[in-house]
There are 2 protein chains.
Amino acid sequence: MKTMTIYDVAQKAGVSIATVSKVINRNGRISEKTRERIMQIMAEMGYVPNLVASALSSKRTYMIGLLLPDISNPYFAELARNIEDRAHELGYNVVICNTDNQIDKESDYLTFLQQKSVDGILMATGLAHPQSLGLILEKKLPIALIARDAPQLAVNSVYVDDFMGGYLAASHLLSLGHRRIGIIVESMELESSRQRLKGYRSALDEFHCPYDEQWVSVSDFSIVSGIEVAGRLLDRKIRPTAIFACNDLLAIGSIQAARSRGISVPEGLSVVGFDNTFLCGMVDPALTTVGQPIRELARNAVDLLHRQLLGEEQPKQRIVLLPELVLRKSTQRYGSFETVGDINL
Amino acid sequence: MKTMTIYDVAQKAGVSIATVSKVINRNGRISEKTRERIMQIMAEMGYVPNLVASALSSKRTYMIGLLLPDISNPYFAELARNIEDRAHELGYNVVICNTDNQIDKESDYLTFLQQKSVDGILMATGLAHPQSLGLILEKKLPIALIARDAPQLAVNSVYVDDFMGGYLAASHLLSLGHRRIGIIVESMELESSRQRLKGYRSALDEFHCPYDEQWVSVSDFSIVSGIEVAGRLLDRKIRPTAIFACNDLLAIGSIQAARSRGISVPEGLSVVGFDNTFLCGMVDPALTTVGQPIRELARNAVDLLHRQLLGEEQPKQRIVLLPELVLRKSTQRYGSFETVGDINL
DNA sequence: GTGAAAGCGCTAACAC
DNA sequence: GTGTTAGCGCTTTCAC
């Protein structure tokens with residue numbers, strides 16, 4: 001069955017292809033009568049427009065590229081889901097690109113996406129290397145950054161207030177009486193990590209608790225890394241009574257590290273995570289965490305991009321959403337229970 | 001900066017566009033000398049071919065569509081990750097489509113993908129409604145099914161031996177001495193669920209343990225559903241001593257249902273999951289499960305599709321991979337410990 | 001080895 | 001309101 005074109009429809013309807021094109025794109029002046037007749041004919045024939053051809057002349061592909069480190073990470077999976085939902089509502093398809101935070105994969109994908117003429121790009125990779133970004137900006141490809149970095153460059157972005165998140169986590173622990181609070185950050189390369197750390201320090205200051213660098217550890221995104229880094233923290237002679245992990249995976253790793261050392265959570269160690277992925281309710285004890293409004297993050301980012309695509313000449317903007325503390329079972333007042341098998345000094 | 005075309009390159013190189021096209025696609029006869037010179041010039045100019053135009057004439061977009069129920073489900077996220085990895089290696093981008101198992105969303109996406117002329121489609125949705133499939137097959141759009149259904153239709157597919165998976169899970173529990181084994185299936189619509197149930201029955205037979213329908217419950221994919229359904233099972237006067245849940249999420253839900261009733265796992269209840277997602281190592285107790293070779297599933301599916309795209313006229317095939325039991329901490333011999341707070345008859 | 005030219009299927013002026 | 005036509009940027013015969 002040969003695939004049909006707009007010519008076939010035009011012929012069958014006894015009109016020109018321009019007319020058909022106009023009813024497809026519902027623009028131009030068309031009498032209601034011929035409009036309906038043509039719609040009817042298209043339906044009968046089972047005609048579907050070829051969007052590649054359409055894209056070539058109209059310069060719009062209705063596709064957006066989504067760059068993220070790894071979609072198998074629950075945080076990014078949830079983000080991707082919400083992004084795809086919103087994009088689909090607006091008539092766009094999304095192409096996923098796993099960069100593993102590698103700069104060469106990142107620019108590789110960027111080149112591909114550019115060649116394929118995606119209408120816009122959403123970056124949730126956090127790193128956003130200047131050279132990659134430069135490439136895009138130069139080509140005037142609409143872009144929006146999500147959830148992480150908001151570098152010096154003038155690009156649209158949507159993210160949570162990481163400083164506040166760090167502050168919320170630390171002050172929660174401090175107000176529970178904790179004073180030796182370990183913090184595990186994802187990477188010092190990330191602006192988000194730096195901000196969360198600053199928030200943590202700010203809370204410390206407010207509680208007149210001295211900042212001590214020995215309590216800050218750098219990790220990466222993975223759970224195994226969380227186990228390892230938290231393990232090192234817990235093997236100290238003087239060990240922390242609480243850990244603030246900069247993502248839920250690291251927090252879960254911390255719980256596991258504690259458990260394998262016979263330290264129970266929250267009795268022997270309080271743990272706070274970040275992101276509020278669905279994992280929090282899944283582990284035991286359920287994880288207290290700093291919640292990111294993932295859905296809103298996603299929606300706002302897509303909408304921001306969409307407005308650019310519509311050609312609305314709006315000023316570049318940064319949308320900052322506020323995180324909130326989600327209390328569950330992994331934190332408790334320091335010293336409120338007799339700790340068993342616990343050698344805290 | 002106006003975007004360049006093949007004409008600009010041809011002009012600068014003093015050759016025709018046909019020649020340039022040939023060096024880009026490394027086909028046709030081109031002298032090594034001019035080839036290099038043109039490559040050089042393209043690099044200097046920063047020229048990148050427009051793949052939309054290329055697609056319009058060559059009929060190949062180097063994009064494949066991936067339909068799945070929900071990418072925020074860890075199983076599908078891992079699958080998607082591996083699919084994207086392999087596709088990327090082969091030079092393809094992947095467009096994700098979340099169907100939520102709704103037939104209208106499914107056919108909606110299918111229409112879109114067809115209009116965008118993706119080179120092929122990967123379906124991991126399990127349902128694969130005949131009408132949707134018919135649409136694709138009719139258009140001769142290459143397709144491969146993953147991980148779930150393998151209906152009557154002649155389509156390529158890759159999946160695990162679900163019967164064997166069910167058998168493995170049940171016989172593990174039976175050999176531990178369990179006789180009242182609840183099974184929670186995702187949906188009776190799914191061939192995979194039916195097969196797993198058959199495997200379960202087969203193991204029962206082998207152990208001369210009578211099959212009793214009261215032990216089989218139907219659920220959906222979610223953890224909340226797992227909690228609910230497992231809860232009903234556990235609230236029976238005579239309750240099961242083990243539960244075989246047809247995915248890890250349901251298994252985790254079962255553990256939570258048990259915990260909230262004061263039943264500990266594995267002492268008061270053994271639980272086996274299915275899929276072997278990374279969640280298994282994350283919960284307490286770590287989950288014994290039937291492992292799917294997700295990576296191989298993904299690779300094989302992409303390769304199968306790829307071979308079709310290359311036009312290799314191969315017979316349709318079904319690749320069946322074998323699952324394996326992954327032992328962790330959520331199962332134990334029935335009766336080997338005094339059960340506490342347990343009213344088993 | 002290289003080039004001319006006819007599409008691929010559609011959009012968007014512009015003319016009528 | 002509807003039709004004509006010139007592209008969009010590339011691939012691909014088929015001459016030379």
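All chains are named by letter (A, B, ...) in the order of the sequence lines, taking the proteins before the strands, and each is independently numbered beginning at 1.
- V95(A) has its side chain within reach of L113(A): a pair of non-hydrogen atoms, C-beta onward, lies under 4.5 Å apart.
- When heavy atoms are screened at a 4.0 angstrom cut-off, V15(B) is found touching the sugar-phosphate backbone but no base atom.
- For Y159(A) and E191(A), the side-chain atoms include no donor-acceptor pair closer than 3.5 Å.
- For the pair S31(B) and L56(B), both in contact range of DNA chain C, the more 5′-proximal nearest nucleotide belongs to S31(B).
- Defined by atom type and a distance below 3.5 Å, a donor-acceptor pair is missing between the side-chain atoms of T99(B) and N101(B).
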Original post:
What one-letter contact string describes nucleotides 10-16 of chain C from 5' to 3', where B marks a base within less than 4.0 Å of any protein heavy atom, S marks contact via sugar-phosphate atoms alone, and - marks no contact?
Top reply: BBB----

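- Close to dT2(D), at under 4.0 Å from its OP1 or OP2, lies a side-chain N or O of T34(A).
- With rounding to whole Å, Q11(B) atom CD is found 13 Å from dA4(C) atom P.
- In the model, K116(B) has a side-chain atom that pairs as donor or acceptor with a side-chain atom of N93(A) under 3.5 Å.
- Using a 4.0 Å heavy-atom distance criterion, I30(A) is classed as a sugar-phosphate-only contact.
- Between the P atom of dG1(D) and the CZ atom of R26(A) lies a distance of 17 Å, rounded to the nearest Å.
- Rounded to a whole Å, the CE atom of M45(B) is 14 Å from the C1' atom of dG9(D).
- Partners of R299(A) under the side chain to side chain contact (heavy atoms under 4.5 Å, CB included) rule, at least two apart in sequence or in another chain, are R86(A), E89(A), R295(A).
- In this model, a donor atom of one side chain and an acceptor atom of the other lie less than 3.5 Å apart for E44(A) and Q40(A).
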